[in-house]
S.K.: 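The structure follows.
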Amino acid sequence: MNQLTEQTTASSEPVVNAPFIFRGELVEGREATHRSRDLGVTFATPKIQLDKVVHPRTEVPPLLNVPLAEIIDFLVETGQRMLAPDNPYMQECFDRMASTHILPRKVVETTAKHAVAYLDKRILRAEVEQNFPDPRALDEWVPKQDFTGRKSFVRAFGPRLIHVLPGNSPGVAVKSVAQGSMVKAVNLFKMSSADPFTMVAILRTMAAIDPNHPIVKSMSAVYWRGGDDSVERVLYRPQYFDKIVAWGGGDAINNVIKYLGPGFQLVSFDPKTSISMVGKEAFASDETLDLAADLASGDVMVLNQEACVASRFVYVEGGQADVDRFCVKLQKRIAERAAASGDVRPLDMELREQVETLMMMDDEYGVWGKPDGKGLVIRSEEPVDFHPINKTANVVRVDRLDDAVKWINVATQTVGFYPFDRMADYRDRLASGGAQRIVHLGEAGPSTIGNPHDAMYPLHRFVHWMAHEDGVAPR
Amino acid sequence: MGAAADKLTGMVSAEDRFDIPHAELRELQIQALNERVQERRDHIKLLAHRAEEAGTREIRSLEDMVPLLFPHTAYKSYPEGWLMEEKWDRLTKWLGTISPHPIKDVDLNEVEDVDDWIDRLQAKGYFISCSSGTTGKSAMLIASQKDMDWSKIDTVNVFSWGSGVKPARDRLMVGCAPVATVPKNVTIGEAQKAAFAHPEWGRINYPVPPITVGSLTKMVVLRKKIAEGTIRPDELADFERTSKERQESIDAAVGITAERLIENRGKKLMISGLWNGLYQVAKAVRERGYDAKDFDPDNCIYVGGGLKRAQLPPDYQAFVHQTFNIPEGRHFQNYSMQELNSGMPKCRECGRYHVPPWIVPIILNKAGDALEPHDGKGELEGRAAFFDLSLDGRWGGVITGDKISIDYAPTGCSHKGPSIRDNIARFADLEGDDKIGCAGTIDAYVRGVA
């Protein structure tokens, strides 16, 4: 970090401020500077006050005796305040994000606003009810008795959580803060260099409502460079935290894994790839073909293909001539959506190179569009080696959709499917292969409120399940 | 071919090849680049495509050249599936898109494996080298006999220039790093041996199983099978056993090499390797109770490449030099890469890597898509790209993954040509801390062959 600091402060580019929150308290400072990934922008942060982000185990969590209903009310109010045009924190956040995020400002802003929709009373309530057979356990010690007459009380006790946030979706910040509140956790949010702002803006919005609210007192948000031993070796301990909730894979997870042990567990939201499966029914008429291509393009372009639910591989059932007709339409719709969002990020050099090679091998592959970041479709007989990203779809031609099942793997998250009436024929095989969701093509984004995420009910895993055994009832 | 290019490559053995100020070469280099583009654009399919896209007809400045440089990844852009499914005809065709010479008359009947395919190509004068020491997808760099002949001369010249060692055939050569058995390395090894090794002593190779394109490819295929979940547990267990044995032989190689060095300490040595291996061997030599006092004061060392992510104590270089009694001025380091045909030796006076006249350095921005702006004064830092005019069997322009600082002007030593500071880093190592997002690939789920 030191070396990095010297490098960046020596350059003349503007430095944006990224303050921290220590258990509700805002701290500004410019003791350290960091680089944002992807854009190479510099931001300045205060020093991490390690003592302030750890809530001693001798003190019960601040939210313990705050009723869930009150927590939900506070979250809903937070959501409303986040959207208020006079909220300086969120506006400032968008300004800052525009300078550090790889997506255009409009996309970021829309996404953040969309994410706030999660802070809805009915949604939050449904989330809790789907995760817990008896949500009362969050508020009280719920009495139990088994068939032998043994009695006890069970509590979903508030855990101490570290959330390692991803940088690609402001929505995750909203969701994490809501979920961390509802399970009454003591939360430390480790922000990413691509978005060291959103979480702080949310927490400042909360503090503006009530600076002494137990929710506010339960939250810390800081940034450190992922893998920085000087922070992680200190904090990643069961004496300080129960669970680490981490998004992503590769170095982000590998850094975390070495600290896991008894009492310090990982709840991982794994890095995922989503796909689409389009049946021969798409070629029934021009209308169905237009529809299927439009729906598929919508799934490809979720969060401009930065999200895990965004489709990257589209398996299409049909002969090459038909599939090529689909490709033409798909590319056109992707390009339209890209243009409408103002996203003109070019493809990175390596991806462009890979695509150009495929263009050279034109009897094996079809390429529609150019590798210029304006929307690209590549047709092949097998999935390509590289990871289609930045408005790029790989259409894989198959004789039958059954042939596509072998490409499902443990990294497969969402499968957008067309036609909808064939989904039930495939869902068992998709689950067996490792997939997590099968959805109507075009609906990769939305999901039924409270449904499992990453093949689990996360809130249920977050809490510290505590039993109070109370002897045997007299017969 | 082109007059300007011939003039520049003609300096391969000129005593003063590193002494020519950049200002005197600039025009000639641009002319030479233009010659190369004119000669090659109709023969290299990928180049033709690039020139077409960019609308480039003529090279009048370095800027014109930028769209025509190939990223180092161009040579690994073939689909891995073809290797797995042994589609030799497709792979051969792919080579044809990056080769200036049409690939013809190669016998593709009943090719046994990758190494066999490469042998068949070599029989017709197409030499395939790969990037070594990695288990990722292997680059396949095609070269011609002319390139092999050039390497033979250049490697001896470069070492001699940078170490002051005359090719007197009076040393025992000792390798301290596994070297991939690919044509370029074999050629270079033979040339060095012929120039520097005592005819009776020869060369002691690092005692590890040979690394071939085939052995690297096996790993790639295996990795893909693990990712796809098609590998059976028994097959995986076999692989684990093989890698364990391999690791044991690698671990043992350090001790064996140390012993051999000690046995031969009376002879004048030429030690070669990468820093990590050299350090490990030096440490083993010290542990056995030997150091500088036991070795010949005219020993020399050839170091290729950087640290490659190895974690070594800060004084590792001095530790190695002192162990083997290598005097100041015999510390040879070379900056080059498989993608290039020529080396850039570290200067004994200024400690910087000097660029020969036939390598045109082109400094790009981080993204590699535009020239890094420069006012012509002082050092320029950015992504290194080079055009090696000596290359015949493939396109000479390559964008590297390296971040370098170059000074076109003399930096105070007696050699007035452009030079590169000894702080070369890989962009990949400078980032990658924080790349988290919910979107990701199956690569994150593959353990053991990363």
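Model, not experiment: these values are computed from the prediction. Below, chains carry the letters A, B, ... as their sequence lines are ordered, and counting in each starts from 1.
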S.K.: Which atom names give the shortest non-hydrogen contact between A:Glu353 and B:Ser77, and what distance separates them?
M.R.: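 Reported closest heavy-atom pair: O-CB, 4.5 Å.
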
S.K.: Go through the atoms of A:Asp348 and report whether side chain, backbone, both or neither lie under 4.5 Å from a heavy atom of chain B.
M.R.: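 Neither part; nothing is under 4.5 Å.
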
S.K.: Which heavy atom in A:Met360 sits nearest to a heavy atom in B:Lys45, and how many Å separate them?
M.R.: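 Scanning both residues, the minimum pair turns out to be O-NZ, 2.9 Å.
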
S.K.: Rounded to the nearest 0.5 Å, how far apart are CG of A:Asn409 and OG1 of B:Thr230?
M.R.: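 A:Asn409 CG to B:Thr230 OG1: 10.5 Å, rounded to 0.5 Å.
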
S.K.: Determine whether more than 12 heavy atoms belonging to other residues, nucleotides or ligands lie under 6.0 Å from atom CD of B:Glu63.
M.R.: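 No, the 6.0 Å shell around CD holds no more than 12 heavy atoms from other groups.
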
S.K.: Drop me the distance from B:Glu53's CD to A:Lys370's NZ, to the nearest 0.5 angstrom.
M.R.: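 The CD atom of B:Glu53 sits 4.5 Å away from the NZ atom of A:Lys370.
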
S.K.: With rounding to the nearest 0.5 angstrom, report the OG1 to CE distance, B:Thr97 to A:Met359.
M.R.: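 So the OG1 of B:Thr97 and the CE of A:Met359 are separated by 13.0 Å.
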
S.K.: Counting only heavy atoms closer than 4.5 Å, note whether B:Glu381 contacts chain A via side chain, backbone, both or neither.
M.R.: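 B:Glu381 has no heavy atom closer than 4.5 Å to chain A.
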
S.K.: Is A:Glu382 close to chain B through its backbone or its side chain, or both, or neither, when contacts mean heavy atoms under 4.5 Å?
M.R.: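 Side chain only.
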
S.K.: Need one label for B:Arg50: side chain, backbone, both or neither, based on atoms under 4.5 Å from any heavy atom in chain A.
M.R.: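 Contact with chain A: side chain only.
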
S.K.: Ignoring hydrogens, what is the shortest heavy-atom contact between A:Asp385 and B:Tyr78? Give both atom names and the distance.
M.R.: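 In terms of heavy atoms, the two residues are closest at OD2-O, 3.6 Å.
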
S.K.: How long is the gap from OG1 on A:Thr357 to NZ on B:Lys76, to the nearest 0.5 Å?
M.R.: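 Between A:Thr357 OG1 and B:Lys76 NZ, I get 12.5 Å after rounding to 0.5 Å.
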
S.K.: Report which part of B:Ile98 has an atom under 4.5 Å of a heavy atom belonging to chain A: side chain, backbone, both, or neither.
M.R.: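 Neither; nothing under 4.5 Å.
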
S.K.: Check whether B:Ala367 gets within reach of chain A through its side chain, its backbone, both or neither, counting any heavy atom under 4.5 Å.
M.R.: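 Contact with chain A involves the backbone of B:Ala367 alone.
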
S.K.: Atom NZ in B:Lys87, atom CD in A:Glu364: separation rounded to 0.5 Å?
M.R.: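 Result: 7.0 Å between the selected atoms.
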
S.K.: In Å and rounded to the nearest 0.5 Å, what is the CH2 to CG distance from B:Trp94 to A:Leu358?
M.R.: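 Between B:Trp94 CH2 and A:Leu358 CG, I get 11.5 Å after rounding to 0.5 Å.
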
